[in-house]
Amino acid sequence: MGPRTRCAAATSNSAQGGWGDGDYLWVTDHARQLVEFTDGHLEVLPKPTREHQRIVAYLYSALQAYLRRTGGEVLFAPLRLRIREGKFREPDLILLRDSQDVRSGDRFWTGADLVVEVVGPDDPGRDLVQKRGDYAEADIPEYWIVEPATGTITVLTLAGGTYAERGVFERGAHAWSEILDGFGVAVDVDDVLRAGKLR
């Protein structure tokens, strides 16, 4: 069975529920789409829109410029993040403050200091609810949610195993990080949202 056939078979109803971590890693090594994994079930994610990609690119550039001075690393999907055994996610952006952090494996990461998701129109609950729980389960200290539809950036910080809202930043405001000292001055909500609309 070739990679395309196996990827199609993996997402069929008959195959769902029976896949392990190794199967997931094999499938995503060969897939051309983003695929996430929870307890034997694969979820093929929709292709990102141009607006989505432009917002991710803007934030990646801002974070990369900050980390160039501090020695960390930020990467973008596709890059697998292992939440725990049996669960993987592919955040839009994933960051470690130390580029030598042992959690940054070559095939997948086993943790992060900050993740960013840009909410798409197909299933907002995936980023707003489900991944909020997933990233808290993985003990990721900070989670940013960019919502083009509402014009907001929500910054969540981990406290006692769950996320608390650090702030919901609207147009005209600057979103800022609790764990990245001085980074907030670079994140103008208007600029982030405007980046997605450039023609």
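From a predicted model like this one, the values you see are computed outputs, not experimental measurements. Here, residue 1 is the first one in the sequence, and each next residue gets the next number.
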inquiry  = Determine whether S177 and E142 satisfy the following criterion, side chain to side chain donor-acceptor pair (under 3.5 Å), listing intermediate values before the conclusion.
reply    = CA-CA 8 Å; S177 169; E142 196 164 286; 2.6 Å; yes
Nearest-0.5 Å distance that lies between atom [atom1] in [X] and atom [atom2] in [Y]:
{"X": "L95", "Y": "L67", "atom1": "CG", "atom2": "CG", "answer": "4.5 Å"}
{"X": "Y163", "Y": "T154", "atom1": "OH", "atom2": "OG1", "answer": "13.0 Å"}
{"X": "D92", "Y": "K131", "atom1": "CG", "atom2": "NZ", "answer": "6.5 Å"}

request  = Under the ring-ring contact (aromatic ring centres under 6.0 Å, His included) rule, collect the residues that match up with Y24, sequence neighbours excluded.
outcome  = F37, F88
Only counting residues at least two apart or in another chain, list the ones meeting side-chain contact (heavy atoms from CB on, under 4.5 Å) with [X].
{"X": "P78", "result": "L34, E90"}
{"X": "R69", "result": "Y66"}
{"X": "T162", "result": "none"}

query = Restricting to pairs with a member in residues 76-88, which pass side-chain hydrogen bond (donor to acceptor under 3.5 Å, both in side chains), not counting sequence neighbours?
reply = D21-R82, T28-R80, D29-R80, D39-R84, R84-E137, K87-D134, K87-E137
inquiry  = Check whether S99 reaches the backbone of G71 with its side chain - one donor and one acceptor, N or O, closer than 3.5 Å.
reply    = yes
inquiry  = According to salt bridge (charged side-chain N to carboxylate O under 4.0 Å, His left out), who are the partners of D190, at least two apart in sequence or on a separate chain?
reply    = R171
query = Testing D127, V56, V119, V192 for side chain to side chain contact (heavy atoms under 4.5 Å, CB included) with V146, which one passes?
reply = V192
inquiry  = Whether E43 and R126 form a salt bridge (side-chain N of Lys/Arg under 4.0 Å from carboxylate O of Asp/Glu) is what I want to check.
reply    = yes
ask   = Below 4.0 angstrom, N of the basic side chain to O of the carboxylate: do E117 and R89 qualify?
value = no
